[in-house]
Amino acid sequence: MDQRFPKEDRLRTSAEFDLVFAGKCSVADPNLVVYIAKNEVTHSRIGLVVSKKVGNAVHRNRWKRQLRAIFRTGKDRLPTGVDLVVIPRSRNHPTHSDLRRSVETLARRAKNKLNKRNSAEQAS
RNA sequence: GAAGUGAACUGGAUAGCCGCCGGUAGUUGCUUUUUCGGAAGCAAUUGCGGGAGGAAAGUCCGGGCUCUGUAGGACAAGGUGGUCGGUAACGCCGACCGGUCGUGAGAUUAGGGAAAGUGCAACAGAAAAUAUACCGCCUAAGUCCCUUCGGGGAACGGUAAGGUUGAAAUGGUGCGGUAAGAGCGCACCGCGGGUAAGGUGACUUGCCUGGCAUGGUAAACCCCACCUAGAGCAAGGCAAACAGGCAGGAAAUCGGUCUUCGGACCGGUUGCGAACUUGUCCGGUUCGCUAGUUACUGCCGGGUUCGCUGCUUGAGUCGACGAGCAAUUUUCGACCUAGAGGAAUGGCUAUCGCUGUCGCCUUGUGUGACAGUACAAAACCCGGCUUAUAGGUUCACUUCGGCG
RNA sequence: UGCGGGGUAGUUUCUGUUGGUAUGAAAUACCUGACUUUGAAUCAGGUGUCUGCUGGUUCGAUUCCAGCCCCCGCAG
């Protein structure tokens, strides 16, 4: 399995982030908020937003590294062809396995929500 | 052995799987160029090697670097404040001096000037800066009254020892002295002045002398000495692209040349206006001056979707000898040690180490279980300061107790 | 990353003190009373702040001076 994580897999510019937020399609659990939007490339991309409320620079960097590692090693269990923006909510760190389960569940729910919304728009 | 003081250092280790960011060597692909040998750039991939801190933090000081500005001077504004040294520089560091604290090792200290001037001190208290006289003490001398002739009383007065208030009351303690007292006199201490010695100096030590005279506050205004342009890598440069709107102003005269006699041009003098001189003024520089723009200046906006560079070899790190009490530094040698950009330097697993608690007996620094293993992550780069920090290591010194 | 501004009633905001013991006020909150059958609204009266924290200077600090903490804004 390809577990690499090149720059093409990341959201990098302000415009890309704004596009995802403009879709207004999000799901959440106590740990994370996930925004989702369909993209123009074949693979999925991820962007991270970690606010200062989560902790100091050391804790913020740890959040980002863990979330990137989960995306990198679990790409086959995540939906394809979408942009994800993941936002941590709480100050305390969950364990790695809890975080992995949380990300995969939320990504699946978000994909279902996006499909339902798209079919509703086509019907109307 | 116990308690403490001051410095310096350290800031977990190993293995496996999977990744990230630079560098370098090769391979492959694409593009550009070509003197057809190649060269350059980009991307992918393989190998090798590198990849957070002592505070990277706070952004409190000082510099480098970059742009803007700059003939010069004065003022203003801000900062620093024992002395000598160190340094590129500092508000930093070292040594020393004075004050305060500690039995001591040591710690700490914005520590110039209050006889240059001004201001301030609520309440309380008699009195708060020219001292004053509330309660007191005295009534000796001179005046008046009474008198049993011993003395008693009164006013005028003397006094600052004692009391009260306050943060602070015009040297302190003791003896003498006196009507009572007082530096009124004396001794010691403190203070002022002079002088000698030591020290580069802050200052220290001694001697003589003055009877004491000018209390606090300058992190109040101020005075003195010294220092200081402004902005900041989102600085700036290259390439590409774009080049729009609004606003701002002022003359007289002299000489010469030409003339279609209306004027035009050239040069000078005195002025005027605009802009700059990044606080103000003097002074200076540039441009323009009868007419309309241009030059010039100011303000506002649009686009650039974020390319390359600046970007890491530097007051660099380590070591040796020498100078210096030290901070630091001469010389020599060796070394190259992160350069990201929605932001890398890691994710997971296992084992070990360290610390604490509890258990077990084979009382060993043994073994097992559980818990903990800090603070905090480069953003142009250095020198400091300040603040945060689990645990561990080393050295020097002090006090107390025991033994010899 | 760099630069700048601020912190006083339970909450939001203004004002005062050349350093003398926090003056006055608005909105909201709370309490009491009036009006009402009751409540809301309205009216009247009342309650409450020792100044973000820690030191220093001073007789005395909200004010002056340091060091921290928190909040907010700006930039091509």
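The structure displayed is predicted, hence computed values, not measured ones. Convention: sequence-line order gives letters A, B, ...; per-chain numbering from 1.
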Student: When rounded to the nearest Å, what value does the distance between C1' atoms of A167(B) and A61(C) take?
Tutor: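 Per the computed distance, 15 Å lies between those C1' atoms.
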Student: Does G20(C) have a Watson-Crick or wobble partner in any strand here, with both distances under 3.5 angstrom, and which is it?
Tutor: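 The answer is C59(C), by the H-bond criterion.
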Student: Taking only the P atom of each, what is the distance from U51(C) to G7(C) in whole angstrom?
Tutor: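 To the nearest whole Å, 15 Å.
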Student: Please state the C1' separation for the pair A55(B) and A225(B) - nearest whole angstrom.
Tutor: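 Per the computed distance, 38 Å lies between those C1' atoms.
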Student: At under 4.0 Å between heavy atoms, what does R45(A) touch on the DNA or RNA strands: base, sugar-phosphate, or nothing?
Tutor: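 Answer is nothing: R45(A) stays at 4.0 Å or more from every strand.
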Student: Is G54(B) in the syn or the anti form, by the rule that syn lies within 90° of 0?
Tutor: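 For G54(B), whose glycosidic angle is within 90° of 0, the conformation is syn.
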Student: Please determine whether any donor N or O and acceptor N or O are separated by less than 3.5 Å between the side chain of N61(A) and the base of A377(B).
Tutor: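 Such a pair is found, so the answer is yes.
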Student: Expressed in whole Å, how much space separates the P atoms belonging to G62(B) and C92(B)?
Tutor: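 Taking atom P in both G62(B) and C92(B), they lie 12 Å apart.
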Student: Between Q66(A) and C348(B), is there a contact of a side-chain N or O with OP1 or OP2 at under 4.0 Å?
Tutor: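 Answer yes for this pair, as a side-chain N or O of Q66(A) is under 4.0 Å from OP1 or OP2.
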Student: Once you round it to whole Å, what is the distance between P of G346(B) and CZ of R68(A)?
Tutor: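 Answer to the nearest Å: 12 Å.
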Student: Toward the 5' end of RNA chain B, which comes first, K64(A) or I70(A), by nearest nucleotide?
Tutor: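 Going by which nucleotide is closer to the 5' end, it is K64(A).
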Student: Taking salt bridge (charged side-chain N to carboxylate O under 4.0 Å, His left out) as the definition, give me every residue that meets it alongside R101(A), ordered by chain and number, with sequence neighbours left out.
Tutor: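 With sequence neighbours excluded, R101(A) shows a salt bridge (charged side-chain N to carboxylate O under 4.0 Å, His left out) to D98(A), given in chain and number order.
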Student: Consider the side chain of H96(A), meaning its heavy atoms from C-beta on, and name the nucleotide among A52(B), C18(B), G347(B) that approaches it most closely.
Tutor: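 Selected nucleotide: G347(B).
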Student: Given G342(B), A343(B), A377(B), which nucleotide is nearest the side-chain atoms of V49(A)?
Tutor: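 Output: G342(B).
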Student: Go through the structure and list residues passing salt bridge (charged side-chain N to carboxylate O under 4.0 Å, His left out) with R68(A), not counting sequence neighbours.
Tutor: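 R68(A) satisfies salt bridge (charged side-chain N to carboxylate O under 4.0 Å, His left out) with no other residue.
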Student: Could you state the atom-to-atom distance from CZ of R65(A) to P of A52(B) in whole Å?
Tutor: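 Taking atom P of A52(B) as the reference, CZ of R65(A) is at 13 Å.
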Student: Measure from CG on L48(A) to C1' on A344(B) and round the result to the nearest Å.
Tutor: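 Computing the L48(A):CG to A344(B):C1' distance gives 14 Å.
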Student: Checking contacts here: which listed nucleotide (A377(B), C18(B), C21(B)) is nearest the side-chain heavy atoms of R10(A)?
Tutor: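 When the side chain of R10(A) is considered, C21(B) is the closest of A377(B), C18(B), C21(B).
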Student: Counting side-chain heavy atoms from C-beta on, which of G19(B), G347(B), A343(B) comes nearest to F5(A)?
Tutor: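 For the F5(A) side chain, the nearest candidate turns out to be G19(B).
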